[in-house]
Amino acid sequence: QVQLVESGGGLVQTGGSLRLSCAASGGTFSNYAMGWFRQAPGKEREFVAAISSSGRSTAYANSVKGRFTISRDNAKNTVYLQMNSLKPEDTAVYHCAARGAFYISEDASTYDYWGQGTQVTVSA
């Protein structure tokens with residue numbers, strides 16, 4: 001059983017930056033591909049970014065490409081999401097997720113474990 005705990009959310013102005021962290025425990029972190037998803041009020045959960053178990057492969061939603069960067073430190077059992085040039089439409093609860101596979105996926109249904117989420121609010 002893998003436990004995931006996100007941190008780093010908060011309130012930021014348009015154009016600002018935040019770095020989210022997701023600490024994993026209870027499993028062999030390097031065996032899991034990781035993803036970030038977000039859900040805004042009244043909207044469905046959407047894919048943000050994903051990274052393979054080794055960190056060599058990444059994928060991004062078109063809406064964040066060029067602004068967000070996903071990375072991981074397998075020695076620290078942590079995945080990160082660096083968010084730059086934030087926009088009000090980035091406001092959401094951000095969840096990290098782990099899937100028991102080496103390669104990435106943009107499909108939330110393929111992820112096995114989820115964190116509780118961290119709130120990101122971008123003011124206009």
Side-chain angles (χ1 to χ4, degrees):
Q1 192 79 1
V2 175
Q3 292 82 44
L4 302 172
V5 179
E6 303 95 336
S7 61
L11 173 64
V12 64
Q13 292 184 332
T14 296
S17 298
L18 285 173
R19 188 175 84 153
L20 305 183
S21 299
C22 173
S25 61
T28 303
F29 184 67
S30 59
N31 287 346
Y32 291 86
M34 301 295 294
W36 285 96
F37 294 79
R38 67 187 182 187
Q39 187 165 19
K43 295 187 177 181
E44 293 187 353
R45 180 173 53 191
E46 65 173 349
F47 168 75
V48 176
I51 189 166
S52 63
S53 60
S54 67
R56 294 191 188 97
S57 298
T58 58
Y60 297 92
N62 287 335
S63 58
V64 307
K65 202 170 292 184
R67 299 188 298 121
F68 290 11
T69 303
I70 189 171
S71 62
R72 65 188 296 159
D73 185 337
N74 285 349
K76 295 183 178 181
N77 291 354
T78 303
V79 63
Y80 305 97
L81 185 68
Q82 177 67 45
M83 305 186 295
N84 299 328
S85 302
L86 283 161
K87 305 174 181 179
E89 51 263 43
D90 294 318
T91 295
V93 176
Y94 284 71
H95 298 267
C96 71
R99 63 190 300 264
F102 297 137
Y103 49 92
I104 58 179
S105 171
E106 300 183 15
D107 182 353
S109 68
T110 67
Y111 286 79
D112 304 300
Y113 304 101
W114 291 82
Q116 291 297 310
T118 185
Q119 176 70 47
V120 171
T121 303
V122 184
S123 62

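Quick caveat: nothing in here was measured; it's all calculated off a predicted structure.
In this structure, W114 and H95 have perpendicular ring planes: the angle between them is above 60°, well past the 30° mark. In this structure, F47 and F37 have perpendicular ring planes: the angle between them is above 60°, well past the 30° mark.
Within the 4.5 Å cutoff, the side chain of S52 has heavy atoms near those of the I104 side chain. For the pair T14/P88, a side-chain contact is recorded, criterion being any heavy-atom separation below 4.5 Å from C-beta on.
Remark: F29 CZ to T78 OG1 distance equals 6.5 Å, nearest 0.5 Å. Within the model, atoms CZ of R72 and OG1 of T58 stand 12.0 Å from one another, a figure rounded to the nearest 0.5 Å. To the nearest 0.5 angstrom, Q116 atom CD is 10.5 Å from C96 atom SG. For the atom pair T69 OG1 and Y80 OH, the distance stands at 14.0 Å (nearest 0.5 Å). Atom CH2 of W36 sits about 4.5 Å away from atom CG of L20, to the nearest 0.5 Å. The line from OH of Y111 to OG of S105 is 5.0 Å long, rounded to the nearest 0.5 Å.
Taking every heavy atom of both residues into account, F68 and V48 meet most closely at CD2-CG1, 3.7 Å. The heavy-atom pair separating A59 from E106 by the smallest distance is CB-OE2, 4.0 Å. Contact detail for S53 and A101: the closest heavy-atom pair is CB-O, 4.3 Å. The two atoms that bring N74 and S30 nearest to each other are ND2-CB, 3.6 Å, heavy atoms only. Nearest heavy atom pair, residue L4 against residue M34, reads CD2-CE, 4.0 Å.
The side-chain hydrogen bond (donor to acceptor under 3.5 Å, both in side chains) check on S17 picks up N84, with sequence neighbours excluded.
A side-chain donor-acceptor contact under 3.5 Å links T110 and R99. A donor and an acceptor atom, one from each side chain of D107 and S109, are located under 3.5 Å apart.
A side-chain contact (heavy atoms from CB on, under 4.5 Å) with T121 is found for exactly one of L18, V12, D90, T91, namely T91.
By the criterion of side-chain heavy atoms lying less than 4.5 angstrom apart, applied directly or through intervening Ile, Leu, Val, Met, Phe, Trp or Tyr residues, Y113 is grouped together with Y94 in one hydrophobic cluster. When the side chains of ILVMFWY residues are joined at heavy-atom separations under 4.5 Å, either directly or via intervening members, L81 and V93 end up in two distinct hydrophobic clusters.
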Subject >> S63/R38 under side chain to side chain contact (heavy atoms under 4.5 Å, CB included): CA gap, chis, key distance, verdict >> reply: CA-CA 12 Å; S63 58; R38 67 187 182 187; 3.5 Å; yes

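Residue E89 qualifies as enclosed at atom CD: its count of foreign heavy atoms under 6.0 Å is above 12.
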